[in-house]
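Taking it in order: structure first as structure tokens, then the write-up.
Chain identifiers are assigned alphabetically (A, B, ...) following the order of the sequence lines, protein sequences preceding nucleic acid strands; residue numbering begins at 1 within each chain. Nothing here was measured: the structure is a model prediction, and the numbers come from that model.
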Amino acid sequence: MSVTRPRGTNDFLPEDTVKWQQIEKLLRDLCAEYGFQEIRTPIFEDTELFVRGVGGTTDIVQKEMYTFTDQGDRSLTLRPENTASAARAYLENKMFGLAQPVKLYYMGPMFRYERPQAGRFRQFHQFGIEVFGSSSPLADAEIIAFAWEFYNRLGLKGLSLQINSVGCPACRPNHKEALKDFCRDNLNKFCATCQDRFERNPLRMLDCKSPVCQELLNNSPEIIDHLCPDCTQHFSKVQELLDAAGIPYQINPRLVRGLDYYTKTAFEISLKEIGAQSAVCGGGRYDGLISDLGGQPTPSVGFALGMERIFAALKSQGIDHFCTQNTDAYIAVLDQNEKTLTTAFKLALALRQAGLACEQDLLARSLKAQFKQADRLNAAYTVIVGGEELSEGKAQVRNLANSSQELVPLENICNYLKESGDK
RNA sequence: GUGGAUGUGGCGAAGCGGUUAACGCACCGGAUUGUGGCUCCGGCACCCGAGGGUUCAAGUCCCUUCAUCCACCCCA
């Protein structure tokens, strides 16, 4: 093998894609029920969109973007996520002029230059939904309920939902200062990255994985204690709604999302058993994003979920009830002469026109080998074309499950198979 | 970017310095020549990730490199 696929990418083979299609169908059905409509944005965007939308200090922008210059000297970037694009499209297409809120969904590949590991790839796939134009906690609760329902329908168990409020521009600075005051005296004891974060983005210190840092942060000021009245009320309303929906959750004051655009509600759904990258869904409110991109202030909430991680979860829980494609009839030929082959070819076409899934041998194999192939394809029937029967305009139709066989005139085979299939 | 593990036929997997590199699965063919799923028989590796080196002799030891997996960082 001289050329292989790029690092961190995957080939999804037919056995995988049937599963993808079914999961995607489930998601589209849910979207229809919840009133979300699909948007498809470009795979690449102006680099500036992500710098402004996702945030210039985030890891995504600083070290994970696939950025290139095109022949017109424009700096473009393969999308690392889809929320910024959706917001851009909302603005650019003046969707603020539509009846609000605007509820959109997307699914497709995203690109981040990271070291691959379990549940992490350089090209990965997300499904996400966004509600533009509503500041109501109902919207927050609605999308969380959407995600929860999705995992329920898949049959996944043991998921944990964590929620937090990261405040808004009015109250976040208070907490930030309180946190800095708290850490300042012991700053040299924190890990190197946290010391770095202290100035640039102290909130990120909260979800540092280092046990040392976590120890030092015991009893640190919680954002929840510094929320302004508006954020406090919003957060408690979201909790009430989740309670009303019977959705279990934990409040995690340390939950801080890695993208700059989040405000108020932040949430994450995780499943530890799939590895270190256990977050299967993450999202929250981003009331400042649209205005950051140059639009009128537009409150918005959304989430994204990782498709590959869903498959990892399904696999680890042994959930594999995906139906596979079946073959209704396999057309086998007795002799490899032109008349037989043409008859078989025409028969196959006629059966397909009638909506039956059928295949014929394309390798000039022996009859025995053709039967083996029919068996592998799990065909319900094998039609044997050729010999004496063909000269009488008939063919043998064999039921592979019970090994019964009948002689049927060629022109009746289609109906014969359809009637048998209806039983 | 850092650390750990691994790299033998399409897949799984023995071999750990010395004749023609086990075995299982899959695949192809056959078992009185027009019929499958079971069984039996046969077939299927020029390169043991790649490139150097040590040795009379190297998948088997050493170095380099690449890839994969896992973990850190961070995220879906």
If you measure from the [atom1] atom in [N] to the same atom in [M], how many Å do you get, rounded?
N	M	atom1	value
B:rA14	B:rU8	C1'	10 Å
B:rC11	B:rG17	C1'	29 Å
B:rA67	B:rA50	C1'	10 Å
B:rC40	B:rA13	C1'	25 Å
B:rC62	B:rC16	P	15 Å
B:rC61	B:rC27	C1'	37 Å
B:rG9	B:rC72	P	31 Å
B:rG15	B:rG24	C1'	16 Å

Check the distance between [N]'s [atom2] and [X]'s [atom1] and give it to me in whole angstrom.
X	N	atom1	atom2	result
A:Gln277	B:rC72	CD	P	6 Å
A:Leu390	B:rG34	CG	C1'	13 Å
A:Gln373	B:rG37	CD	P	13 Å
A:Gln405	B:rU35	CD	C1'	7 Å
A:Gln126	B:rA76	CD	P	6 Å
A:Arg365	B:rG29	CZ	P	7 Å
A:Ile274	B:rA76	CD1	P	13 Å
A:Leu334	B:rU33	CG	P	13 Å

If you assign A:Glu389 and A:Met307 each to the RNA chain B nucleotide with the nearest heavy atom, which residue ends up on the more 5' nucleotide?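 The residue whose closest nucleotide sits nearer the 5' end is A:Glu389.
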Could you tell me the Watson-Crick or G-U partner of [N], where both distances fall under 3.5 Å? Say none if there is no partner.
N	value
B:rC38	none
B:rU20	none
B:rU60	none
B:rU54	none
B:rG9	none
B:rG1	B:rC72

CG-CD1 distance between A:Leu156 and A:Ile319, expressed to the nearest 0.5 angstrom: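 The distance works out to 4.5 Å.
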Should A:Lys19 and A:Asp320 count as an ion pair when the cut-off is N to O under 4.0 Å?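 A salt bridge links A:Lys19 with A:Asp320.
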Charged N-O contact under 4.0 Å between A:Arg184 and A:Asp181: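 Looking at A:Arg184 and A:Asp181, the cut-off is met.
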[options]: which one has an atom nearest the side-chain heavy atoms of [X]?
X	options	value
A:Phe371	B:rA76, B:rC28, B:rG36	B:rG36
A:Leu400	B:rC28, B:rG36, B:rA76	B:rG36
A:Lys372	B:rG34, B:rG36, B:rC27	B:rG36
A:Gln396	B:rG37, B:rC28, B:rG34	B:rG34

So which protein nitrogen or oxygen atoms get under 3.5 Å of nucleotides 65-70 of chain B's nitrogens or oxygens?
| from | atom 1 | to | atom 2 | distance (Å) |
| --- | --- | --- | --- | --- |
| B:rU68 | OP2 | A:Arg7 | NE | 2.6 |
| B:rC70 | OP2 | A:Ala118 | N | 2.8 |

Checking side-chain contact (heavy atoms from CB on, under 4.5 Å) between A:Ile129 and each of A:Tyr106, A:Tyr105, A:Tyr34, which is the one that passes?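 It is A:Tyr105, the one option of A:Tyr106, A:Tyr105, A:Tyr34 that forms the side-chain contact (heavy atoms from CB on, under 4.5 Å) with A:Ile129.
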Is there, by distance only and without an angle test, a donor paired with an acceptor across the side chain of A:Arg398 and the base of B:rG36 below 3.5 Å?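 Yes, the side chain and the base share a sub-3.5 Å donor-acceptor pair.
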Is there a donor on the side chain of A:Ser403 or the base of B:rG37 sitting less than 3.5 Å from an acceptor on the other?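 When only heavy-atom distances are counted, A:Ser403 does reach the base of B:rG37 through a donor-acceptor pair under 3.5 Å.
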Set of residues satisfying ring-ring contact (aromatic ring centres under 6.0 Å, His included) with respect to A:Phe311, sequence neighbours excluded: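 A:Phe311 satisfies ring-ring contact (aromatic ring centres under 6.0 Å, His included) with A:Trp20 once adjacent residues are dropped.
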Checking the side chain of A:Gln373 only, and the main-chain atoms of A:Ala369 only, is there a donor and an acceptor separated by less than 3.5 Å?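 No.
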Taking A:Asp292 for the side chain and A:Gly53 for the main chain, is one N or O donor matched with an acceptor at less than 3.5 Å?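 Not confirmed, A:Asp292 side chain does not pair with A:Gly53 backbone.
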Under 6.0 Å from the NZ atom of A:Lys176, do we count more than 12 heavy atoms belonging to anything else shown?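 Counting other residues, nucleotides and ligands, NZ of A:Lys176 stays at 12 neighbours or fewer.
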Taking the six-membered ring for Trp, are A:Phe146 and A:Phe36 closer than 6.0 Å centroid to centroid?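 Yes.
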Classify the nucleic acid contact of A:Ala401 as base, sugar-phosphate or nothing, counting any heavy atom under 4.0 Å across all strands shown.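 Base contact.
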Check the chi torsion on B:rG59 and let me know: syn if it falls within 90° of 0, anti if not.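 Syn conformation here, the glycosidic angle of B:rG59 being no more than 90° from 0.
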If only side-chain N and O atoms count, and only distance matters, is there a donor-acceptor pair under 3.5 Å linking A:Ser270 with A:Gln162?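 A:Gln162 vs A:Ser270: no donor-acceptor pair found between side chains.
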